[in-house]
Protein chains: 2
Amino acid sequence: MHSAPVLAIGEFSRLTHLGVRTLRRYHDAGLLGPACVDHATGYRYYTAEQIPAAQVIHRLRELDVPLPEVQRILRSPDPASRAALVADHPQRLESELERTRAAVASLRRLLQPEPPPLDVELRAVPAATVAAVEDDVAHDELLAWYAGAMAELDAAVEEPVGAPGTLCDNALFEHGRGHVLVYRPTARPPRRGRVHPVTLPAVELAVTTHAGPHDDIDVTYGELGAWVVANALAVAGPVRERYPVGPRDTDDASAWRTEIGWPVFHVGPG
Amino acid sequence: MHSAPVLAIGEFSRLTHLGVRTLRRYHDAGLLGPACVDHATGYRYYTAEQIPAAQVIHRLRELDVPLPEVQRILRSPDPASRAALVADHPQRLESELERTRAAVASLRRLLQPEPPPLDVELRAVPAATVAAVEDDVAHDELLAWYAGAMAELDAAVEEPVGAPGTLCDNALFEHGRGHVLVYRPTARPPRRGRVHPVTLPAVELAVTTHAGPHDDIDVTYGELGAWVVANALAVAGPVRERYPVGPRDTDDASAWRTEIGWPVFHVGPG
DNA sequence: GCTGGACCCTCCCCCGGGGGGAGGGTGCAC
DNA sequence: GTGCACCCTCCCCCCGGGGGAGGGTCCAGC
C-alpha cells in the first residue's frame, strides 16, 4: 500500500478541482470539513467519500449559489428535499435572464443615434380618494408584489373608474427599497384585505407616455427627467405611473401604454 | 427660474436611479465625472446632458460589465464602434449561459441517487512522438484555444494514427490556468506554425470512458479519482484525455466518447 | 441676519468569494 | 539527516458597492 485512503488537502484539491485555499475556506465556513484534522499540526485530511460533496459544491458555486445556501442544500439529508432546493435555483436564473434581456433592450434604445422627440404634457391632477394597496417593497421583488397587489385590487374594486396607477417612492430606485402604492380609482373605495381607501394629494405633473413593455422604461424616465430639469421646474414627491393599456388589457406588449407623471412644483404659463 | 440646469448629486441621483454613493464612486473611477466641481466645498454638480451617459452605465452594470470595460465603451466617441463594443457582450452572456447549462446538467447527474458503476482499466501507454500544440491557457479560454489548436493540428497532420488527445496540467483546474497540450499521433510529426513534434513519456494510466457531452465530465473525473484513491495507487503527472468519438466525428453529442487517463505510479497484478 | 434641517463632503469599515504572499512548521524519500 | 514539497495561519488585495461617523454647506423661513 502506498497510501491509505486518506487524502492531504493537495491531493483532494487535485481530485475535486477545487483550489487548496478554497477548500480551507469551505472548512472554515463549515461547508465541507475534512474527515479528520491532526490536532498537533492542523493538517486537514479528507477521504474519497467526500469527493461527491465537493463536486456538488463546485457546481452550485458555478451557478453562483451563495455559500450559506449551498450549506442549506448539503445539510438537507433527504435527496428529494435536496433536489427540491436545487430546483429552486433555475427560477432565480430565469429571472436573472429576464433582467439581462431587459437591460439589453434598454441599451439598444439608449445607443440608438436619433432619439425620437418626447411629448410632455403638464397636467394638474386633483386630489382623489382611491382604493389602494401599499407596502415597503424591494426592487427585485417589485414585479411579484405588484402582480399580487393588482390582483387583490381587481377582486375588491367593483366599479373602477379609469386606469390603475402607481406611486413610487424615489428611495426604491436609489436604495433598492421603498414605499410603493398601487391604486385603482373608484367611486366608493372598499376596505378588504390589504385594500383600503387612500386620498392621493393633488399634484402638478409633467406627464409623458411610454409605449411598449417596461424593459426600457428607465430611458423614458431619464428623458422626462431631463425635460423637467431643462424646463426649470422643481421636483417634489413620488413619481406616478398610470396604465391606460397594460397586461390586463392585451397580451401584445407593444400596445401597452404607461403614463409617467413627474411631480413638478410650480406650473404656470410663465 | 427656480433652478439653473445644474444638478446637485442628489437630484442627479433621482433622475438616473443611481445611488449617490455610486455616483461618487463613478466619479472617483473616472467613469462619469460631474460637469463641474466646486473647488471650495467639493460639491459635485451635474447637468441634464449627462443623464444618458449615466443610464448607459446603469444598463451596462446590470449586464455585469466591469467598470473598466464600461469606461472603454464610454470613451469610444464613435457611436458605431461603441455599438460594436456593446455587441461584444451578448457573446459573453452566451458563454455564461453555456456554463450555467453545463453546471445544471452536471448537478443533475451528481444528485442522481444511483450512480452507475465505473469501468476502469489499467493501461500501460508507451512513449510516443506525436504532433502537438501546447500553451499556457486559462480555464475560461480553454474551449476557444482548444478549437483553434485542434484545427491547426488537423491542417498540419496528413496521416493521423488513432484518436487525438490532450494532456492537462492539474494547475489548470486548481488555479484556473495551466499548461495544456493537444496532440495527434502520426508517423512523422510535422513542424508547422504552432504544431511541433513532442515526445510524450510512457505512463501507466487508470482509464475510464466518459460518454456524452462534457457538461458533466467533472463527475467522471471525480469518480475515477475516487477509484484511483480506493485502489491505493499513487498519482503523478498530468491527466490525459483521448477522444475516440468527438465533435469532429459526429454532431450527436450523446455518441461522444472521451477516455480519461489518470496517471498511476505503480501498476501490477498484485 | 440667523437658524434649522436637508443636503453634501471625506474617510473608514463591512460584505462575499476568492487570490497572492509572508513566515514558519511537517512528512517523507533518499 | 537533509532537502524539498507540502501544509499551516495570518494579513492584505480585488470588485462594486453599502453603512455610518463626523463635519461642512446651502437655502427657505422667520
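A note on names: the letters A, B, ... follow the listed sequences, proteins ahead of strands, and every chain is numbered from 1. This structure is a prediction, so every number in the text was calculated from the model and none was measured.
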[X] [atom1] - [N] [atom2] separation (whole Å):
{"X": "A/I9", "N": "C/dG27", "atom1": "CD1", "atom2": "P", "value": "15 Å"}
{"X": "A/L23", "N": "D/dT9", "atom1": "CG", "atom2": "P", "value": "13 Å"}
{"X": "B/D28", "N": "D/dG16", "atom1": "CG", "atom2": "P", "value": "14 Å"}
{"X": "A/L18", "N": "C/dG17", "atom1": "CG", "atom2": "C1'", "value": "13 Å"}
{"X": "A/L60", "N": "C/dG16", "atom1": "CG", "atom2": "P", "value": "18 Å"}
{"X": "B/H139", "N": "C/dG18", "atom1": "NE2", "atom2": "P", "value": "15 Å"}
{"X": "B/H39", "N": "C/dT10", "atom1": "NE2", "atom2": "P", "value": "13 Å"}
{"X": "A/L7", "N": "D/dC6", "atom1": "CG", "atom2": "C1'", "value": "14 Å"}

Below 4.0 angstrom from OP1 or OP2 of [N], is there any side-chain N or O of [X]?
{"X": "B/T22", "N": "D/dG16", "answer": "no"}
{"X": "A/R44", "N": "D/dC7", "answer": "no"}
{"X": "B/R24", "N": "C/dC7", "answer": "no"}

Base, sugar-phosphate or nothing for B/A8? Non-hydrogen atoms, less than 4.0 Å.
sugar-phosphate
Tell me if the side-chain of [X] makes a donor-acceptor pair with the base of [N], cut-off 3.5 Å, by modelled atom types.
{"X": "A/Y26", "N": "C/dG18", "answer": "no"}
{"X": "B/R61", "N": "D/dG17", "answer": "no"}
{"X": "B/R25", "N": "D/dG17", "answer": "yes"}

Please determine, for the side chain of [X], which listed nucleotide ([options]) has the closest atom?
{"X": "B/Y45", "options": "D/dC7, D/dG16, D/dC26", "result": "D/dC26"}
{"X": "B/Y43", "options": "D/dT25, C/dC11, C/dG27", "result": "D/dT25"}
{"X": "B/R21", "options": "D/dC10, D/dC8, D/dG20", "result": "D/dG20"}
{"X": "B/D38", "options": "C/dG27, D/dC26, D/dG18", "result": "D/dC26"}

Where A/R177 and A/D136 come nearest, the two heavy atoms and their spacing:
NH1-O, 3.5 Å
Nearest-nucleotide 5' precedence on DNA chain D, B/V65 against B/A40:
B/V65
Rounded to the nearest 0.5 Å, what separation is found between the OG1 atom of B/T166 and the CD atom of B/E241?
5.5 Å
Hey, could you give me the CG/CD distance between A/L181 and A/E134, rounded to the nearest 0.5 Å?
4.5 Å
When the ring planes of A/H17 and B/F173 are compared, do they come out parallel, tilted or perpendicular, using 30° and 60° as the limits?
parallel
Does this structure show an ion pair linking A/E69 with A/R61, if we count only N-O contacts that are shorter than 4.0 Å?
no
